[in-house]
S.K.: 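Let me give you the structure first, and then I'll get to my questions.
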Amino acid sequence: MMQTCPLCASADHAPYHRDARRDYLQCRQCDLVFVPSHQRLSPAEEKAVYDQHENSPEDAGYRRFLARLFDPLAARLAPGARGLDFGAGPGPTLSVMFEEAGHPMAIYDPFYAPDERVLTGRYDFITATEVVEHLFAPGRELGRLAGLLAPGGWLGLMTKRVRSAEAFTGWHYILDPTHVCFFSEATFRWLAERLDMAVTFPADDVVLLQRR
């Protein structure tokens, strides 16, 4: 079976890195670095990893981590703006932070909050923190999320970005077996153009995309 890029569906890619467990390919069209589909975990194996996460709204350190996205996004929202936290995980926390700030929130997670009815709503902003690197079909999923945004709405993402091939070889981020897609700034600029959105980078691991 021909291996295509999970973001842009191009078959034009090249080897980027290989370690003892997996191969990593880089798309020549959108710059995404990705793990071939046959080397991904099964859903049951994925969930076993996620079940080990111990995130909680009571964890002040976790709140500080999420504030890297919360602060710049909240500053851009109108009072009462309605949001969706996509990929909320076993201990939803970012949604609690936005609710405390006066923003009604819905949550979705394929394992822990799988009510797909929330994916038919309309939102002023959508967040996905440490999510996009796990997606098997990021092109489809991010396109769907962009389509749920009201005009002028925001898509706020947190994920560590690819810097260089040299840095990639020793990067802790690729050691997590559930991480299968790795975005660079160039990838996000490609995505913004594809989705007709404006893009800004308020932090090293934060990207904000606004629907025009």
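Hydrogens, waters and symmetry mates are skipped; everything else that's a heavy atom, side chains included, is used.
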S.K.: What's the separation between atom CD in Gln210 and atom CZ in Phe125, rounded to the nearest 0.5 Å?
M.R.: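 If we round to the nearest 0.5 Å, Gln210:CD and Phe125:CZ are 13.5 Å apart.
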S.K.: So, for Ala186 and Asp31, which heavy atoms are closest and what is the spacing to 0.1 Å?
M.R.: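 Nearest pair, atom of Ala186 first, then Asp31: CB-OD2, 3.7 Å.
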S.K.: Just jot down the ring pair (Phe, Tyr, Trp, His ring centres under 6.0 Å) partners of Phe188, sequence neighbours excluded, or say none.
M.R.: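 Once residues adjacent in sequence are excluded, the partners of Phe188 under the ring pair (Phe, Tyr, Trp, His ring centres under 6.0 Å) criterion are Phe183.
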S.K.: Does the side-chain contact (heavy atoms from CB on, under 4.5 Å) test come out yes or no for His17 and Asp19, once each step is laid out?
M.R.: CA-CA 7 Å; His17 178 58; Asp19 58 27; 4.1 Å; yes
S.K.: Please examine the side chains of Pro6 and Leu32, heavy atoms only from C-beta on, and report whether any two atoms are closer than 4.5 Å.
M.R.: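 Yes - at least one pair of side-chain heavy atoms lies under 4.5 Å apart.
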S.K.: According to salt bridge (charged side-chain N to carboxylate O under 4.0 Å, His left out), who are the partners of Arg117, at least two apart in sequence or on a separate chain?
M.R.: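 With neighbours one apart ignored, the set is Asp115.
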S.K.: Just checking, is any N or O donor in the side chain of Ser164 or Glu166 under 3.5 Å from an acceptor N or O on the other one?
M.R.: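 Looking only at side-chain atoms, Glu166 and Ser164 do not form any donor-acceptor pair under 3.5 Å.
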S.K.: Please round to the nearest 0.5 Å and tell me the distance separating atom CZ of Phe65 and atom OG1 of Thr129.
M.R.: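 Taking CZ in Phe65 and OG1 in Thr129, the distance rounds to 7.0 Å.
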S.K.: A side-chain contact here means heavy atoms from C-beta on lying under 4.5 Å apart; do Gln29 and Cys5 qualify?
M.R.: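 No - every pair of side-chain heavy atoms lies 4.5 Å or more apart.
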S.K.: Sorted by first residue and then second, give each salt bridge (Lys or Arg N to Asp or Glu O under 4.0 Å) pair with at least one member in residues 150-160; sequence neighbours left out.
M.R.: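 As it turns out, the salt bridge (Lys or Arg N to Asp or Glu O under 4.0 Å) pairs with a partner in residues 150-160, which skip direct neighbours, are Lys160-Asp205.
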S.K.: Go through it in stages, so that I can follow the logic: the residues are Leu209 and Leu195, the test is side-chain contact (heavy atoms from CB on, under 4.5 Å), and I'd like the CA-CA distance, side-chain angles, deciding distance and then a yes or no.
M.R.: CA-CA 9 Å; Leu209 297 118; Leu195 298 177; 5.6 Å; no
S.K.: Identify, with sequence neighbours excluded, every residue that meets ring pair (Phe, Tyr, Trp, His ring centres under 6.0 Å) alongside His13.
M.R.: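 Checked His13 against ring pair (Phe, Tyr, Trp, His ring centres under 6.0 Å); matches are Phe34.
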S.K.: Supply the atom-to-atom distance Leu73 CG to Met97 CE, rounded to the nearest 0.5 angstrom.
M.R.: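 It comes to 11.0 Å.
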S.K.: Do Met197 and Val199 land in one hydrophobic cluster if side-chain heavy atoms of ILVMFWY residues count as linked below 4.5 Å?
M.R.: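 The answer is yes; both residues are in one hydrophobic cluster.
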S.K.: Please collect all salt bridge (Lys or Arg N to Asp or Glu O under 4.0 Å) contacts where either partner lies in residues 89-103, sequence neighbours excluded, each pair once.
M.R.: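 Sorted result for residues 89-103: Arg63-Glu100.
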S.K.: Nearest 0.5 angstrom please: His172 NE2 to Ile174 CD1, how far?
M.R.: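 Spacing of NE2 (His172) from CD1 (Ile174) equals 10.5 Å.
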S.K.: Which atom names give the shortest non-hydrogen contact between Ser95 and Met105, and what distance separates them?
M.R.: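 Where Ser95 meets Met105 most closely, the heavy atoms are O-CG, 3.5 Å.
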S.K.: Looking at Arg40 and Val180, would you say the former's side chain and the latter's main chain have a donor-acceptor pair under 3.5 Å?
M.R.: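 No, because the side chain of Arg40 does not come within donor-acceptor range (under 3.5 Å) of the backbone of Val180.
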S.K.: Got a second to check how far Phe111's CZ is from Glu46's CD, nearest 0.5 Å?
M.R.: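 If we round to the nearest 0.5 Å, Phe111:CZ and Glu46:CD are 4.5 Å apart.
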S.K.: Please assess Asp85 against Asp109 for the test side-chain contact (heavy atoms from CB on, under 4.5 Å), listing each intermediate value before the final yes or no.
M.R.: CA-CA 9 Å; Asp85 188 21; Asp109 188 281; over 6 Å; no
S.K.: Same hydrophobic cluster for Leu191 and Phe201, using side-chain heavy-atom links shorter than 4.5 Å among ILVMFWY?
M.R.: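 Yes, because Leu191 and Phe201 connect within a single hydrophobic cluster, where side-chain heavy atoms sit under 4.5 Å apart.
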S.K.: Could you list the cluster mates of Ile107? Members are the ILVMFWY residues connected by side-chain heavy atoms closer than 4.5 Å, either directly or through other members.
M.R.: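 The other cluster members (ILVMFWY side chains, heavy atoms under 4.5 Å, direct or chained): none.
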S.K.: Could you tell me if Thr93 and Asn55 have a donor-acceptor pair between their side chains, going purely by distance under 3.5 Å?
M.R.: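 Looking only at side-chain atoms, Thr93 and Asn55 do not form any donor-acceptor pair under 3.5 Å.
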S.K.: How close do Ala11 and Met2 get, counting heavy atoms only, and between which atoms?
M.R.: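 Reported closest heavy-atom pair: CB-SD, 3.5 Å.
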S.K.: Take the angle between the ring planes of His134 and His179 and call it parallel below 30°, perpendicular above 60°, tilted in between.
M.R.: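 Geometry flag for His179 against His134: perpendicular rings.
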S.K.: Closest heavy-atom contact between Leu69 and Leu157?
M.R.: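 Result for this residue pair: CD1-N, 4.2 Å.
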S.K.: Under the salt bridge (Lys or Arg N to Asp or Glu O under 4.0 Å) rule, what pairs show up with a residue in residues 175-196, not counting sequence neighbours?
M.R.: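 Counting only pairs at least two positions apart or across chains, the salt bridge (Lys or Arg N to Asp or Glu O under 4.0 Å) contacts touching residues 175-196 are Glu185-Arg189, Asp196-Arg212.
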S.K.: Return the minimal non-hydrogen interatomic distance between Val132 and Cys181, and the atom names on each side.
M.R.: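 For Val132 and Cys181, the tightest heavy-atom pair comes out as O-CB, 3.9 Å.
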S.K.: Taking the side chain as everything from C-beta on, heavy atoms only, tell me whether Asp51 gets closer than 4.5 Å to Pro90.
M.R.: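 No - every pair of side-chain heavy atoms lies 4.5 Å or more apart.
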S.K.: Checking Gln26 against Tyr24 for the side-chain contact (heavy atoms from CB on, under 4.5 Å) test, could you report, in this order, the C-alpha distance in whole Å, the side-chain angles of both residues, the deciding distance, and whether it holds?
M.R.: CA-CA 7 Å; Gln26 185 175 42; Tyr24 304 85; over 6 Å; no
S.K.: Taking the side chain from Arg68 and the backbone from Asp204, do they hold a donor-acceptor pair closer than 3.5 Å?
M.R.: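 Absent.
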S.K.: Atom NZ of Lys47 and atom CG of Leu41: how far apart are they, to the nearest 0.5 Å?
M.R.: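 The NZ atom of Lys47 sits 14.0 Å away from the CG atom of Leu41.
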S.K.: Check whether Tyr16 reaches the backbone of Ala165 with its side chain - one donor and one acceptor, N or O, closer than 3.5 Å.
M.R.: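 The answer is yes, because a donor-acceptor pair under 3.5 Å joins these two groups.
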S.K.: State whether the side chain of Gln3 and the backbone N or O of Ser37 hold a donor-acceptor pair below 3.5 Å, judged by distance alone.
M.R.: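 Checking the backbone N and O of Ser37 against the side chain of Gln3, a donor-acceptor pair under 3.5 Å is found.
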S.K.: Test of understanding: with ring pair (Phe, Tyr, Trp, His ring centres under 6.0 Å), list the residues that count as partners of Phe182, not counting sequence neighbours.
M.R.: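 With sequence neighbours excluded, Phe182 shows a ring pair (Phe, Tyr, Trp, His ring centres under 6.0 Å) to Phe168, Trp171, given in chain and number order.
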S.K.: Would you kindly confirm whether Val206 and Tyr62 end up in one hydrophobic cluster when ILVMFWY residues are joined by side chain heavy atoms under 4.5 Å apart?
M.R.: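 Val206 clusters together with Tyr62.
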S.K.: Are Leu84 and Met158 grouped together when hydrophobic residues (ILVMFWY) are joined by side-chain heavy atoms under 4.5 angstrom apart?
M.R.: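 Shared cluster, no.
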S.K.: Using side chain to side chain contact (heavy atoms under 4.5 Å, CB included) as the criterion, list what pairs up with Asp12, not counting sequence neighbours.
M.R.: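 Asp12: side chain to side chain contact (heavy atoms under 4.5 Å, CB included) contacts with Ser10, Arg28.
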S.K.: Report yes or no: do Leu155 and Phe86 belong to one cluster of Ile/Leu/Val/Met/Phe/Trp/Tyr joined by side chain heavy-atom distances under 4.5 Å?
M.R.: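 Yes, Leu155 and Phe86 fall within the same hydrophobic cluster.
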S.K.: Throw together a table of side-chain donor-acceptor distances under 3.5 angstrom for residues 76-83, partners on residues two or more places apart or in other chains.
M.R.:
unit_1: Arg76; atom_1: NH1; unit_2: Pro72; atom_2: O; d: 2.8
unit_1: Arg82; atom_1: NH1; unit_2: Arg122; atom_2: O; d: 3.0

S.K.: Return all side-chain donor-acceptor pairs below 3.5 angstrom for residues 139-150, not counting sequence neighbours, or 'none' if the list is empty.
M.R.:
unit_1: Glu141; atom_1: OE1; unit_2: Arg144; atom_2: NH2; d: 2.8

S.K.: With distance as the sole test, does Arg64 use its side chain to make a donor-acceptor pair with the main-chain N or O of Asp59 at under 3.5 Å?
M.R.: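 The answer is no, because no donor-acceptor pair under 3.5 Å joins these two groups.
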S.K.: Taking ring pair (Phe, Tyr, Trp, His ring centres under 6.0 Å) as the test, write out the residues that go with Tyr112, two or more places apart.
M.R.: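 Tyr112: no ring pair (Phe, Tyr, Trp, His ring centres under 6.0 Å) contacts found.
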S.K.: Ignoring hydrogens and geometry, is there a side-chain-to-backbone donor-acceptor pair from Gln39 to Asp23 under 3.5 Å?
M.R.: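 Yes, because the side chain of Gln39 sits within donor-acceptor range (under 3.5 Å) of the backbone of Asp23.
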S.K.: Could you pull out the closest heavy-atom pair between Pro57 and Val96, with the gap in Å?
M.R.: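 The answer is CG-CG2, 4.1 Å.
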